[in-house]
Each structure stands twice: as structure tokens, then as C-alpha cells.
Amino acid sequence: MVTDKKPMLSTQQALDILLASVRPIADIETLPTLAANGRVLAQAQTSQLDVPPMDNSQMDGYAVRAADCASGNARLTIAQRIPAGHVGLPLEPGTAARIFTGAMIPEGADAVVMQEQCAPDGDAVTINHQAVSGEWIRRRGEDIQAGSVILAAGTRLRAQELGLVASVGLANLPVVRKLRVALFSTGDELAMPGEPLKPGAIYNSNRFTLHALLENLGCEITDFGIVPDSLAATRDTLRKAAASCDLIVTSGGVSVGEEDHLKPALEAEGRLNMWQIAMKPGKPLAFGEVDREAGKGVAYFLGLPGNPVASFVTFLLFVRPFMLRLQGVQDVAPKSFQMRADFDWPKADKRNEFLRAKINVNGGLELFRNQSSAVLTSTAWGDGLIDNPPGQAITKGDIVRFIPFSELLF
């Protein structure tokens with residue numbers, strides 16, 4: 001059992017523990033390439049052909065023999081016209097072929113002269129350029145060579161990767177099956193938008209934030225809604241969620257109050273492996289496992305704080321990389337940038353702070369006026385998070401580490 005007296009983990013220690021605990025999903029399904037956007041590649045993909053598959057023209061112009069154009073104003077007979085997708089005849093000395101971008105270079109030609117440097121006149125053309133052998137020709141295999149690995153296993157498939165695999169003719173791809181994630185919130189004070197707000201109640205923003213974040217990551221979501229503040233109800237929901245899901249994500253109920261039941265429920269239904277991180281916002285983050293029926297393994301559990309900004313930030317920094325690693329993605333670290341702070345932050349905290357900031361027109365960072373973990377407007381206003389180390393004050397002009405939301409939301 002984890003006790004409250006243990007020193008809090010740093011954010012890096014906590015992330016290391018999470019990622020080291022992952023047993024990636026082994027289930028694979030085959031999808032049409034057109035349907036694989038956002039999925040994770042289960043097996044490396046190799047090209048069976050060269051790309052481009054033949055020497056072809058980079059420009060609209062004239063295919064020539066460079067030796068015929070040494071004078072800089074050679075007049076050549078236009079012997080043929082080669083659109084893309086057509087094969088030309090061998091090019092005879094003293095002739096040129098009208099050629100278009102992507103068209104196959106005819107045998108005998110060794111250069112393309114762009115049309116802006118040419119003056120056609122009936123069945124002849126004057127080449128106002130000293131062509132160089134190889135000029136404006138894309139060589140066969142200069143992008144991809146047959147037999148080469150084009151994508152490694154664990155690659156997240158974006159538009160770029162899908163275009164790449166299509167360029168080598170791959171119509172189907174093996175991908176890791178979608179993650180199955182259970183989501184629920186705890187708290188008798190929570191109400192759903194559209195319901196009357198009773199005295200002491202608040203609307204459940206975390207359910208909407210977390211549901212959208214999970215959708216961004218392409219998983220199958222089972223939403224258990226709001227679970228009553230009782231140990232029995234919490235244990236029952238954990239059991240139901242674990243039976244069908246790989247991961248359980250919750251918000252609220254992981255602190256030390258008398259009505260915070262997730263911690264004892266998790267210890268009763270499985271185990272608590274990690275609790276409390278030296279970060280702000282987001283200290284009470286819990287990680288553990290919920291046991292399924294005998295012999296059916298476990299479901300992972302990540303309990304996020306109830307405060308909306310803390311829930312949002314801990315999802316981005318911990319849940320997102322954990323989910324990616326479950327699917328076999330190795331590089332789960334978001335890109336960050338060294339940027340100038342255009343503000344003062346004189347009061348250093350002993351914890352690792354994640355400050356909501358916005359990029360201004362001068363290329364520096366502005367800070368949201370209120371950094372409370374309950375101020376959700378800071379997340380909609382901001383462009384990302386400043387990762388401020390423990391004990392670090394910030395003076396205007398200092399260089400800080402900035403992680404854009406664009407690196408964290410998908």
C-alpha cells in the first residue's frame with residue numbers, strides 16, 4: 001500500500017514509472033490504407049518498388065540531349081510530345097521532345113530544359129540555355145528504393161504517412177487495434193449541462209474535456225458518467241470498466257478527503273502503484289491496476305485530479321504518452337521549444353509548475369493572469385504550457401521551455 005508519507009515523485013520519475021509499466025497491446029487488425037488515419041502501425045512496411053519508378057521530368061519543358069544544346073541557342077526539331085502517363089520514342093540527335101511534369105524521360109535524352117527558356121516555332125524550338133546532363137530530371141528510386149523500410153512499427157499514421165504508403169502501392173495496412181478506454185467522474189456535487197444547478201453543485205466540465213481528448217487519440221470510449229460518492233459504487237464501476245477496457249481514466253476522488261473513494265476502491269480491486277506528483281497543477285494523480293476475473297489480466301488505471309485545469313494538464317502529460325506507448329509508439333515525448341518569457345514570475349514554487357501561456361505578436365510568451373487549477377479559461381486562452389522547474393523564478397527576458405498544445409492534444 002502506498003502511504004501519504006512517501007516523498008512525492010518528480011514529473012519525470014512519474015512518467016518513467018508509467019511508461020515502464022506498459023505491456024503494449026498485441027492485437028492486430030488489417031485496414032484499408034484510406035481508413036488507417038490516426039492508427040498505429042503494427043508491423044514495419046517495406047517498399048516493393050522504386051519511387052519514382054522511372055526517370056521523369058520535374059518541369060514542363062523539352063527533353064533534349066545536353067550535347068545538342070552546348071551553344072546556348074540551339075534550334076532543334078520537335079520530334080514528339082510526351083504527356084505524363086505516356087511512353088515516348090527514343091530521342092534522336094538534333095531533336096527535342098515536348099514533355100510535361102511527371103512524364104517519363106525518353107531513351108537518349110539526358111536533360112530537361114524548362115519551357116521558360118525555350119522558344120517554340122512551329123515544328124522546331126530554340127533552346128536558349130546550355131543544358132547540363134541530368135538537369136530537371138527526377139531519377140528512378142531517388143526518393144525510395146525497392147526493398148527499403150519506409151515506416152517502422154509503432155508509427156502513428158498521419159496524412160503524410162498514408163500518402164507515403166500509397167506511393168508504393170500499399171492498399172492495406174496492419175494496425176494495432178483501438179484502445180478501449182473507460183471514463184468516469186466521481187462527485188455528488190457534479191451536474192450535467194442542461195440540468196438545473198442545485199445549491200452547492202457544479203457542472204461536470206471534466207467529462208467533456210476528457211472525452212474530447214480521448215476522441216482525439218482515436219480510442220473506443222465507454223463512458224460510465226458520474227459515479228456516486230460511495231466506496232461500493234466506485235468499486236462496482238471499477239470492476240465493470242476493467243472487464244471490457246484496457247485503461248480506466250477517472251477525474252476526482254483521488255485526494256485524501258473522506259469522500260474521496262477511488263484510492264481505497266483501487267486498493268480493494270487491484271493495486272495502487274503510484275500516487276502524488278510534485279507538480280502544479282496536478283499533485284493527486286494516481287496510477288494502478290484493476291484485476292479482472294482470474295486469468296484475464298488487469299486493466300490499467302489513471303486517476304486524475306478533480307480540478308479542471310489539473311485534470312487537463314495531467315491528461316496531456318501522463319495519460320496521452322501512456323496511451324501511445326500502449327499502442328507500441330516509442331517516441332511519446334512532445335516537442336518543446338526554448339522561448340522568451342515576456343513576464344515576471346517572481347514566486348517560485350517547490351513543485352514543477354506548468355503555466356498556461358500564449359505566444360504574442362513579438363514571438364515571446366505571455367502568461368494568463370490567473371494560474372489557478374480551477375480556471376479553465378486559461379486552457380482555452382493559451383497556446384501551451386511553460387514547463388517551469390521546481391524552485392525556479394522567472395524574470396522577463398528569461399528563456400523558458402514551452403510545450404505547445406499542438407504537441408499534446410493528438
Phe184 versus Ile226: any side-chain heavy-atom pair under 4.5 Å? no

Gln130 side chain to Ala70 backbone, donor-acceptor under 3.5 Å: yes

State, with a plain yes or no, whether a side-chain heavy atom of Ser378 is found less than 4.5 Å away from one of Val309. yes

Are the charged groups of Asp50 and Arg140 less than 4.0 angstrom apart, N to O? yes

Cation over ring, Arg98 on Tyr62, under 6.0 Å and within 45°? yes

Polar side-chain atom of Thr77 near backbone of Ala79 as donor-acceptor pair, under 3.5 Å: no

Gln80 side chain to Leu89 main-chain N or O, any donor-acceptor pair under 3.5 Å? yes

Spell out, as yes or no, whether a donor-acceptor pair under 3.5 Å connects the side chain of Arg340 to the backbone of Gly397. no

Between Thr101 and Asp60, is there a side-chain donor-acceptor contact under 3.5 Å, judged purely by atom types and distance? yes

Are Phe208 and Pro193 side-chain neighbours, meaning at least one heavy-atom pair lies under 4.5 Å? yes

Heavy-atom closest pair (Ala357 atom, Ile386 atom, distance to 0.1 Å) is CB-CD1, 3.6 Å

Is there a donor-acceptor contact under 3.5 Å from the side chain of Asp342 to the main chain of Glu366? no

Given the rule in the salt bridge (Lys or Arg N to Asp or Glu O under 4.0 Å) test, do Arg177 and Asp246 qualify, once you have shown the distances and angles that lead to the verdict? CA-CA 11 Å; Arg177 72 155 169 80; Asp246 307 300; 2.9 Å; yes

Please check this pair: side chain of Asp291 against backbone of Val298, looking for a donor-acceptor N/O pair closer than 3.5 Å. no

Ignoring hydrogens and geometry beyond distance, is a side-chain donor-acceptor pair present between Asn172 and Thr30 at under 3.5 Å? no

What one should report as the nearest heavy-atom pair of Leu304 and Ser311 is CD1-O, 3.6 Å

With a 3.5 Å cut-off and no angle check, do the side chains of Arg156 and Gln327 form a donor-acceptor pair? no

Donor-acceptor contact below 3.5 Å, side chain Arg401 vs main chain Asn388: no

If every non-hydrogen atom of Ser373 is compared with every non-hydrogen atom of Asn307, which pair is closest and at what distance? OG-ND2, 3.1 Å

Quick check: does any side chain N or O of Arg81 sit under 3.5 Å from a backbone N or O of Ile99, one acting as donor and the other as acceptor? no

Answer yes or no: is there a donor N or O on one side and an acceptor on the other, between the side chain of Arg65 and the main chain of Leu91, under 3.5 Å? yes

Any side-chain donor paired with an acceptor under 3.5 Å for Arg356 and Gln371? yes

Residue pair Ser251 / Leu210: nearest heavy atoms and the distance that separates them: CB-CD1, 3.9 Å

Is Val87 close to Ile82 at the side-chain level, that is, under 4.5 Å between some pair of heavy atoms? no

Does His129 reach the side chain of Glu135, with side-chain heavy atoms less than 4.5 Å apart? yes

Within the structure provided, determine whether Ile403 and Ser336 are in side-chain contact (heavy-atom separation under 4.5 Å). yes

For the residue pair Phe287 and Tyr300, does the interplanar ring angle fall in the parallel (under 30°), tilted (30 to 60°) or perpendicular (over 60°) class? parallel

Could you check whether Asp344 and Thr395, counting side-chain N and O atoms only, form a donor-acceptor pair closer than 3.5 Å? no

On a heavy-atom basis, which atom in Leu262 and which in Gly252 lie closest, and how many Å separate them? CD1-O, 3.0 Å

Side chains of Arg23 and Leu326: does their closest heavy-atom pair fall under 4.5 Å? no

Closest non-hydrogen atom pair between Ala36 and Leu31, with its separation: CA-CD1, 4.3 Å

Close side-chain approach of Leu18 and Phe318, heavy atoms under 4.5 Å: yes

Taking Thr155 for its side chain and Val40 for its backbone only, find out whether a donor-acceptor pair lies under 3.5 Å. no

